[in-house]
Peer 1: 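Got a structure for you, written out below as structure tokens; questions coming shortly.
Computation of the quantities below employed the complete heavy-atom set of this structure, encompassing side-chain atoms and omitting hydrogens, waters and symmetry-equivalent molecules. Quick note: residue numbers are just sequence positions, from 1.
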Amino acid sequence: MWAFGDEETRLVIEAAHERAIGRVLEWIEDEVAVIRHGTDGIYRVRPPGGLVAARFRHYEARSGRPLLHDHLLLSVKGQRLDGKWGSIRATALHENTVAASALYNELVASEVCEELGLATEPRTVTPGRRSVMEIAGVPARADPLDRPAQRPDRHLPGRVGARVRHRRR
């Protein structure tokens with residue numbers, strides 16, 4: 001919808017996307033992220049100043065298809081009230097990635113549907129697994145270009161399956 005919609009549709013989706021990212025980060029800061037300190041990390045506190053994150057916006061998937069998405073890298077360090085830095089409990093972040101993703105999807109879908117007068121409906125992606133919510137009336141393959149997804153390395157002769165080594169200096 002974002003890539004092939006009209007200007008109003010794109011703006012509504014971009015605004016919903018932006019707000020949902022902010023809300024999900026707030027949820028992570030308020031409910032998930034804890035800083036460990038003390039012997040064996042026995043004390044745990046929420047990061048009072050929030051999380052440190054880097055954010056990168058992309059407009060295409062690896063396949064080259066249009067796809068508005070952001071990558072957020074969260075630091076595993078957080079500042080405590082006493083000004084010292086401690087380790088964010090990374091396991092808690094990892095354990096809540098699916099919940100964060102589901103919250104993001106729900107927030108975007110809810111806002112987009114409200115703003116554009118649309119509705120959602122369940123769609124089975126994998127038989128026997130829980131359905132996902134999709135915008136009603138949008139076919140699962142709504143790409144007007146209707147081209148099969150391709151791995152980007154297929155376009156790099158001699159590089160398919162090549163290993164890249166990185167060594168610290």
Peer 1: Enter the distance from Ile35:CD1 to Arg80:CZ here, rounded to the nearest 0.5 Å.
Peer 2: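 Between Ile35 CD1 and Arg80 CZ, I get 7.5 Å after rounding to 0.5 Å.
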Peer 1: Does Asp40 reach the main-chain N or O of Ile42 with its side chain, forming a donor-acceptor pair under 3.5 Å?
Peer 2: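 The answer is no, because no donor-acceptor pair under 3.5 Å joins these two groups.
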Peer 1: Is the shortest heavy-atom distance from the side chain of Tyr43 to the side chain of Arg36 under 4.5 Å?
Peer 2: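 No. Closest side-chain heavy atoms not under 4.5 Å.
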Peer 1: Walk me through it: do Glu18 and Arg55 pass the test salt bridge (charged side-chain N to carboxylate O under 4.0 Å, His left out)?
Peer 2: CA-CA 12 Å; Glu18 196 67 36; Arg55 180 175 166 188; 2.9 Å; yes
Peer 1: Do Val24 and Ile13 share a hydrophobic cluster (ILVMFWY, side-chain heavy atoms under 4.5 Å, transitive)?
Peer 2: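 Yes, because Val24 and Ile13 connect within a single hydrophobic cluster, where side-chain heavy atoms sit under 4.5 Å apart.
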Peer 1: Can you check whether Trp27 reaches Val32 side chain to side chain, under 4.5 Å on heavy atoms?
Peer 2: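 Of all side-chain heavy-atom pairs linking Val32 with Trp27, at least one is under 4.5 Å.
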Peer 1: Strictly distance-based, threshold 3.5 Å: is any side-chain N or O of Thr124 a donor or acceptor partner for the main-chain N or O of Thr126?
Peer 2: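 Pair absent, no side-chain N/O of Thr124 close to backbone of Thr126.
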Peer 1: Which value, rounded to the nearest 0.5 Å, describes the distance between Glu106 atom CD and Ser101 atom OG?
Peer 2: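 OG of Ser101 is found 12.0 Å from CD of Glu106.
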Peer 1: Using a 4.5 Å cut-off on heavy atoms from C-beta on, say whether the side chain of Ile88 contacts that of Pro47.
Peer 2: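 They are in side-chain contact.
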Peer 1: Taking side chain as C-beta onward, heavy atoms only, is Arg89 less than 4.5 Å from Glu95?
Peer 2: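 Yes, close enough: below the 4.5 Å cut-off.
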Peer 1: Starting at CZ of Arg44, measure out to NE2 of His37 and round the result to the nearest 0.5 Å.
Peer 2: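 So the gap between those two atoms works out to 10.5 Å.
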Peer 1: Are side-chain heavy atoms of Arg23 and Leu103 found at a separation under 4.5 Å?
Peer 2: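 A side-chain contact is absent here, since even the closest heavy-atom pair is not under 4.5 Å.
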Peer 1: Side-chain heavy atoms under 4.5 angstrom apart, residues restricted to Ile, Leu, Val, Met, Phe, Trp, Tyr: same cluster for Met1 and Leu67?
Peer 2: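 No, it is not one cluster - the side chains of Met1 and Leu67 are not joined through contacts under 4.5 Å.
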Peer 1: Would Leu118 end up clustered with Val138 when hydrophobic side chains under 4.5 Å apart are linked, directly or stepwise?
Peer 2: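 Hydrophobic grouping puts Leu118 with Val138.
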Peer 1: Would you say Leu72 and Ile28 are hydrophobically clustered, going by side-chain heavy atoms of ILVMFWY under 4.5 Å?
Peer 2: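 Yes.
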Peer 1: Report the distance from atom CG of Leu11 to atom CH2 of Trp2, rounding to the nearest 0.5 Å.
Peer 2: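 Here the interatomic distance stands at 11.5 Å.
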Peer 1: Please evaluate residues Glu29 and Arg46 with respect to the criterion salt bridge (charged side-chain N to carboxylate O under 4.0 Å, His left out), reporting the C-alpha separation (whole Å), side-chain torsions for both, the decisive distance (0.1 Å), and the verdict.
Peer 2: CA-CA 7 Å; Glu29 289 172 342; Arg46 299 275 178 228; over 6 Å; no
Peer 1: Check the surroundings of atom CG in Leu73: do more than 12 heavy atoms from other residues, nucleotides or ligands lie under 6.0 Å from it?
Peer 2: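 Enclosed.
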Peer 1: Does the side chain of Gln79 come within less than 4.5 Å of Pro48's, by heavy atoms?
Peer 2: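 No, side chains not in contact.
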Peer 1: Could you tell me whether the side chain of Pro66 reaches within less than 4.5 Å of the side chain of Glu60, counting heavy atoms only?
Peer 2: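 Glu60 vs Pro66: side chains apart.
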Peer 1: Could you go through the side chain to side chain contact (heavy atoms under 4.5 Å, CB included) check for Ser131 and Arg123 one step at a time?
Peer 2: CA-CA 5 Å; Ser131 299; Arg123 181 173 66 86; 5.9 Å; no
Peer 1: Taking the side chain as every heavy atom from C-beta outward, state whether Cys113 and Thr120 have any pair of such atoms under 4.5 Å apart.
Peer 2: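 Sidechains of Thr120 and Cys113: in contact.
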Peer 1: Check Leu107 against Ala20 and note the closest heavy-atom contact, atom names and distance.
Peer 2: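 Minimum heavy-atom contact is CB-CB, 3.9 Å.
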Peer 1: To the nearest 0.5 Å, what is the distance between CD1 (Ile21) and CZ (Arg57)?
Peer 2: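 Ile21 atom CD1 to Arg57 atom CZ measures 5.5 Å (nearest 0.5 Å).
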Peer 1: For the residue pair Val108 and Ala16, what are the closest heavy atoms and their distance?
Peer 2: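 Heavy atoms only, the tightest pair is CG2-O, 3.9 Å.
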Peer 1: With a 4.5 Å cut-off on side-chain heavy-atom distances among I, L, V, M, F, W and Y, is there a chain of contacts connecting Leu74 to Val98?
Peer 2: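 Different hydrophobic clusters.
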Peer 1: Say whether Tyr104 and His17, considering side chains only, have a donor N or O and an acceptor N or O under 3.5 Å apart.
Peer 2: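 Checked: Tyr104/His17 side chains pair up, N/O donor to acceptor below 3.5 Å.
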Peer 1: For the atom pair NE2 (His94) and OG1 (Thr91), what is the distance rounded to the nearest 0.5 Å?
Peer 2: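 Nearest 0.5 Å value for the NE2-OG1 distance: 9.0 Å.
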Peer 1: Count the heavy atoms of every other residue, nucleotide or ligand shown that sit under 6.0 Å from CD of Glu114, and state whether that count exceeds 12.
Peer 2: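 At most 12 heavy atoms, drawn from other residues, nucleotides or ligands, come within 6.0 Å of this atom.
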Peer 1: What class does the angle between the rings of His58 and His71 fall in, given that below 30° is parallel, 30 to 60° is tilted and above 60° is perpendicular?
Peer 2: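 Ring orientation of His58 relative to His71: perpendicular.
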Peer 1: Are any side-chain N or O atoms of Asn96 and backbone N or O atoms of Ala99, one a donor and one an acceptor, separated by less than 3.5 Å?
Peer 2: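 The answer is no, because no donor-acceptor pair under 3.5 Å joins these two groups.
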Peer 1: Take Leu116 and Ile135 through the side chain to side chain contact (heavy atoms under 4.5 Å, CB included) test and state the conclusion after the steps.
Peer 2: CA-CA 11 Å; Leu116 298 177; Ile135 303 292; over 6 Å; no
